[in-house]
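Got a structure for you, questions after.
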Amino acid sequence: MIKTRSKFLEIAKERGIIFDGAMGTSLFAYDLSAQDYGGDEFEGCPEQLNFTRPDIIQEIHSKFFEAGADVVETNSFGASRLVMGEYGLEEKSYEVSKLAASLAREVADKFTQENPEKPRFVAGSIGPGTKLASLGNVSFDELYESYKPQIQGLIDGGVDLLLIETCQDPLQIKACLNACLDVMVPEGPAHWNKSESKLPIQVQVTVETMGTLLVGSDIGSALTTIAAYPVDVIGMNCATGPAEMREHIQYLSEESPALISCLPNAGIPENVGGHAHFPLDPQQFSTQLSRFVDEFGVSVVGGCCGTTYEHIRQLADACATKEAHREEAKDEVIESVSSIYNSVPMLMEPRPLIVGERTNANGSKLFRNLLGEEDYDAIVDLAKEQVAEGSHVLDVCTAYVGRDETKDMVEVIKRINTQVNIPIMVDSTEYPVLEAALKHISAKAIINSVNLEDGEERVAQIAALAKRFGAALVVLTIDEDGMAKTAEKKLEVASRLYDLLVNEHGIDPRNLIYDTLTFTLASGDEEMRNAGIETINAIKMIKEKYPEVKTILG
């Protein structure tokens, strides 16, 4: 096996990289029968062809390389356990994925040997599956477990990068990213960013003609959610042609911290004589798409449905001398949080960022009563009222004596996730409650909170949750001795937490929101007389020492 894994990103930063075209369109030209798939029960399962007709799969890879592609995608789009299970082949997920990668690897190595100046790469294709987690069709854990053997097989078969493509649901993306990173970096989330064993990861969403993902996410929400993970390339594929993707690609060009990819269809498919017809010929397709390299600094281009060898040949010719450079370097972190539908900046202008707390059982009698009655429709209405009143983020806390906090949290979150259009702040002192909630939140949430009251092991647990679910984190100035009351003590605790979270556990400081704690001033307690001044001074000191972090008071 020729070692090309480390070169993919290097080349992508220098010039446009060309992906292949449509595997499905290419297979359709062979007029395959049930016998080619190994029997009637497997007809229509492209992954089965890796076993029964490897000659055809390798011929398709070869023709795309001959057309000028730098990268071919493995024939493993539907190789997850869940999708293979629809054909009774769930136990073949690892085997078929490894074989798909090996077939492509063999062809890629042959072309690289013939022309070492033009190395060829293999992208491990991972499709979205057939169920939407955000709509409750499948759970986060089911998706996660379904993807792991597929990912392991692709890696063992020799892919250069992992391609999570045609994504229609941000929660599915999060489950797949967790599976990818856990398989590659078993040491855990603290090592995700710095592990040498991590292959490049490319994530592509599918934006429908109405301008959003299938579940309603706009491109800003999708980007905020994906960019919270160590992803190297973020882009789009499928559903439409280049023209319909233009506005969204421009947004990615302006906001994405990662390299950008664009793999459109050959136009929006039309029904002609009962068959899908793609209207863009190779020249129209290549002319439109190649402009994205010049105008938006797109690093990776290629084709999806309807694109043939000739589409890729003309695209490769059009991009042969183009350099993919955006005008300005982007920040490594997007300083926003998101709901399933849209993104909200954490640095709101005009300030402050307003967190609605009427869905907090500790402070809202109405919310507690609604929980007791299990009137979830009224709870959703209560949440929507806070949006109407100007809340930017919604705090949700279901901790109430005598009730099952985890069950209540999940029931509330499942509904708010898809029915309320502002980001969620998950508020609990219990790790199982936080984890259960985050598995139902499609976008980038905020965890409330982490502190040192229970020691450094607890900090490690919460930090891992924040990384695993791409969440921002509220940090309280509390240590083993209790709540810090003087500005100096608050800074001391804040500094200790910063060192643990940032330097040890790999949390980006721009995702930390410090709460220096608000104490009651009118209690008559002499010790609390200067509490307000101490809190304000602590905020100033923390901001001076750590200008990247944010602060909050409630």
Side-chain angles (χ1 to χ4, degrees), residues 1-12 14-30 32 36 46-77 79 94-126 150-163 165 199-200 202 233 261 263 282 286 299-304 307-320:
M1 182 188 302
I2 295 175
K3 293 188 178 296
T4 55
R5 297 184 183 194
S6 62
K7 294 181 180 178
F8 172 78
L9 289 178
E10 294 175 19
I11 295 174
E14 296 172 358
R15 64 167 174 82
I17 279 195
I18 311 298
F19 267 55
D20 58 5
M23 174 63 74
T25 299
S26 302
L27 286 172
F28 186 75
Y30 286 88
L32 299 172
D36 288 302
E47 291 72 27
Q48 181 70 0
L49 296 170
N50 294 310
F51 296 117
T52 59
R53 295 302 306 268
D55 56 317
I56 290 177
I57 302 304
Q58 289 196 311
E59 184 174 72
I60 291 171
H61 291 327
S62 294
K63 287 184 175 180
F64 277 121
F65 278 140
E66 289 168 357
D70 299 296
V71 185
V72 295
E73 300 173 33
T74 55
N75 182 36
S76 58
F77 182 82
Y94 171 84
E95 185 182 356
V96 75
S97 300
K98 183 179 179 182
L99 178 57
S102 299
L103 293 173
R105 177 82 272 154
E106 184 179 330
V107 178
D109 287 350
K110 174 178 175 290
F111 276 82
T112 299
Q113 287 171 342
E114 292 173 356
N115 184 5
E117 296 301 310
K118 185 178 173 64
R120 308 302 177 102
F121 304 97
V122 176
S125 172
I126 306 168
Q150 179 184 18
I151 293 159
Q152 189 66 67
L154 291 171
I155 293 170
D156 291 349
V159 299
D160 297 295
L161 67 148
L162 294 173
L163 172 63
E165 60 172 318
L199 295 180
Q202 181 169 324
V233 185
S261 65
L263 279 69
S286 62
S299 298
V300 175
V301 291
C304 201
T307 55
T308 65
Y309 310 118
E310 188 58 29
H311 283 84
I312 299 307
R313 178 174 288 105
Q314 294 200 28
L315 179 64
D317 289 344
C319 295

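Computed over heavy atoms, backbone and side chain alike; hydrogens, waters and symmetry mates excluded.
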Under the 3.5 angstrom rule, does the side chain of S97 hit a backbone N or O of L154 as a donor-acceptor pair?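 Judged by distance alone, no pair lies under 3.5 Å.
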
Could D156 and K98 be called an ion pair, given the rule that one side-chain N must be under 4.0 Å from one carboxylate O?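 Looking at K98 together with D156, the answer is no, because their closest N to O distance does not fall below 4.0 Å.
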
Please confirm whether the backbone N or O of M23 pairs with a side-chain atom of N75, one donor and one acceptor, at under 3.5 Å?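 A pair under 3.5 Å: no.
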
Please lay out, stage by stage, how R105 and D109 fare under the test salt bridge (Lys or Arg N to Asp or Glu O under 4.0 Å). CA-CA 6 Å; R105 177 82 272 154; D109 287 350; 3.1 Å; yes

With sequence neighbours excluded, residues passing side chain to side chain donor-acceptor pair (under 3.5 Å) with Q58: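 Q58 satisfies side chain to side chain donor-acceptor pair (under 3.5 Å) with no residue once adjacent residues are dropped.
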
Parallel, tilted or perpendicular: rings of F65 and F111 (30°, 60°):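 Tilted.
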
Which heavy atom in D160 sits nearest to a heavy atom in L199, and how many Å separate them?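 Residues D160 and L199, closest heavy atoms: O-CD2, 4.0 Å.
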
Any side-chain donor near an acceptor of the partner, Q150 and S76, under 3.5 Å: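 Side chains of Q150 and S76: no pair found under 3.5 Å.
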
With sequence neighbours excluded, residues passing side chain to side chain donor-acceptor pair (under 3.5 Å) with N115: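 For N115, no residue satisfies side chain to side chain donor-acceptor pair (under 3.5 Å) once neighbours in sequence are set aside.
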
Residues E310, R313; criterion salt bridge (Lys or Arg N to Asp or Glu O under 4.0 Å); working and verdict: CA-CA 5 Å; E310 188 58 29; R313 178 174 288 105; 2.9 Å; yes

D20 (side chain) donor-acceptor with H61 (main chain) under 3.5 angstrom: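 Side chain of D20 to backbone of H61: no pair is present.
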
Do you know which two heavy atoms are closest between G303 and I312, and how far apart they sit?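 Taking every non-hydrogen atom into account, N-CD1, 3.8 Å.
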
Under the 3.5 angstrom rule, does the side chain of T25 hit a backbone N or O of T308 as a donor-acceptor pair?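 No, because the side chain of T25 does not come within donor-acceptor range (under 3.5 Å) of the backbone of T308.
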
